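Each remark here refers to the structure printed beneath this line.
Values in this document were obtained by computation on a predicted structure and should not be read as measured data.
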Amino acid sequence: MTRHLQGSLFDQTDQLRLGPLDGIRRTRLGLGAWIDVLPGWLAGSDTLFEQLAAEVPWRAERRTMYDHVVDVPRLLAFYGADDPLPHPVLDEAREALSAHYADELGEPFTTAGLCYYRDGRDSVAWHGDRIGRGARQDTMVAILSVGAPRDLLLRPVRGGESVRRPLGHGDLIVMGGSCQRTWEHCVPKSTRASGPRVSIQFRPHGVR
């Protein structure tokens, strides 16, 4: 199942190591929404990608859309609050994020959802994480990306200019404030040659 990954020219270590979070930069999107971005938060991220791609029990899903049952165009895995994560560095990442955002979020990140984008044909449509409390409360979703970069797009729910962030090779993005209610995000399909990518989404309890 593992696809070939073109390694990053800027991340040539095999040692997995999280950097400090004090270099994260915040962009206020409007309507009470914001994103924090930290490129290359995880050093050695290509090594983590290879392990996750090969060892996580990925599953394919089918969903009903417009009266048709279709394949979900990516592979999925989910780890609840009591499930052991597939690599110790993900436990470290979740703990570091929980500590860094403790005052703003007021609770820890607990779950981890993983998506495996095998190539440019895999994608996720426009959406907000509104299952549960995200539909009515401000919250946060932190995404760590490993593997080849793919564009994450964000746009206001009521229409407006979109924001584009390429994410991969250990990059971190945190969507906060009203972002899940007033904005939506997607990873579009790409006609360019796109290597494989895994995203790890950390969320608080009750947010999906």
Side-chain angles (χ1 to χ4, degrees), residues 18 20-39 41-42 59 61 63-65 72 74 76-86 90-117 123-146 150-167 171-188 198-208:
L18 293 169
L21 285 166
D22 53 10
I24 204 163
R25 296 292 182 89
R26 178 162 298 186
T27 300
R28 298 196 178 276
L29 301 174
L31 304 172
W34 53 262
I35 55 173
D36 283 354
V37 177
L38 181 58
W41 181 41
L42 176 64
R59 68 179 187 278
E61 289 189 353
R63 293 178 183 173
T64 301
M65 293 185 65
V72 173
R74 60 195 177 281
L76 305 170
F78 180 77
Y79 296 84
D82 298 324
D83 296 328
L85 296 181
L90 298 183
D91 291 285
E92 295 177 29
R94 184 169 60 183
E95 291 170 8
L97 290 164
S98 294
H100 183 80
Y101 289 102
D103 290 341
E104 281 187 286
L105 184 57
E107 60 181 319
F109 293 93
T110 58
T111 65
L114 277 65
C115 293
Y116 185 9
Y117 300 87
S123 62
V124 61
W126 288 108
H127 71 287
D129 293 2
R130 301 190 188 103
I131 298 175
R133 294 186 292 127
R136 59 187 184 277
Q137 298 176 7
D138 286 3
T139 188
M140 294 185 197
V141 177
I143 302 175
L144 174 62
S145 294
V146 297
R150 289 288 298 274
D151 287 342
L152 176 74
L153 274 63
L154 301 102
R155 70 182 183 187
V157 170
R158 296 182 180 179
E161 188 174 352
S162 63
V163 174
R164 182 185 299 267
R165 292 290 185 274
L167 300 171
D171 298 336
L172 171 70
I173 186 170
V174 181
M175 297 178 284
S178 68
C179 198
Q180 302 306 322
R181 303 194 319 277
T182 60
W183 286 64
E184 54 188 3
H185 55 280
C186 77
V187 176
V198 170
S199 71
I200 304 101
Q201 310 106 41
F202 297 106
R203 298 181 178 90
H205 172 74
V207 177
R208 286 290 297 272

Side chain proximity check, [X] to [Y], heavy atoms < 4.5 angstrom:
X	Y	answer
L114	P86	yes
C179	L31	no
F202	L172	no
V174	W34	yes

Could you work out, with salt bridge (Lys or Arg N to Asp or Glu O under 4.0 Å) as the rule, every residue matching [X], not counting sequence neighbours?
X	answer
R165	none
R59	E61
D171	none
E92	none

For R164, give me all partners under side-chain contact (heavy atoms from CB on, under 4.5 Å), at least two apart in sequence or on another chain.
D151, L153
For the side chain of [X] and the backbone of [Y], is there at least one donor-acceptor N/O pair under 3.5 Å apart?
X	Y	result
S98	F109	yes
T111	A81	no
R181	Q137	yes
Q201	I143	no
H127	H185	yes
R150	P188	yes

Are there more than 12 heavy atoms of other residues, nucleotides or ligands under 6.0 Å from atom NE2 of H205?
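Incorrect, the count does not exceed 12.
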Got a second to check how far [X]'s [atom1] is from [Y]'s [atom2], nearest 0.5 Å?
X	Y	atom1	atom2	result
I200	L85	CD1	CG	10.0 Å
T139	L105	OG1	CG	5.5 Å
T110	R203	OG1	CZ	10.0 Å
S145	I173	OG	CD1	8.5 Å

Any ion pair linking E184 and R155 (charged N to carboxylate O, less than 4.0 Å)?
yes
I'd like to know whether I35 forms a side-chain contact (heavy atoms from CB on, under 4.5 Å) with L29, so could you lay out the CA-CA distance, the side-chain angles of the two residues, the decisive distance to 0.1 Å, and finally the verdict.
CA-CA 7 Å; I35 55 173; L29 301 174; 3.9 Å; yes
Start with the C-alpha distance between S199 and Y117, add both sets of side-chain angles, then the distance that settles side-chain contact (heavy atoms from CB on, under 4.5 Å), and finish with yes or no.
CA-CA 8 Å; S199 71; Y117 300 87; 3.9 Å; yes
Derivation and outcome, side-chain contact (heavy atoms from CB on, under 4.5 Å), residues C115 and L76
CA-CA 5 Å; C115 293; L76 305 170; 3.6 Å; yes
Evaluate the criterion side-chain contact (heavy atoms from CB on, under 4.5 Å) for residue pair R208 and F78; output intermediate values, then yes/no.
CA-CA 11 Å; R208 286 290 297 272; F78 180 77; 3.7 Å; yes
Which heavy atom of W183 sits nearest to which heavy atom of A33, and what is that distance?
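Result for this residue pair: CD1-CB, 3.6 Å.
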So which pairs with a foot in residues 22-37 pass salt bridge (charged side-chain N to carboxylate O under 4.0 Å, His left out), sequence neighbours left out?
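Only R26-D36, R26-E104 qualify under salt bridge (charged side-chain N to carboxylate O under 4.0 Å, His left out).
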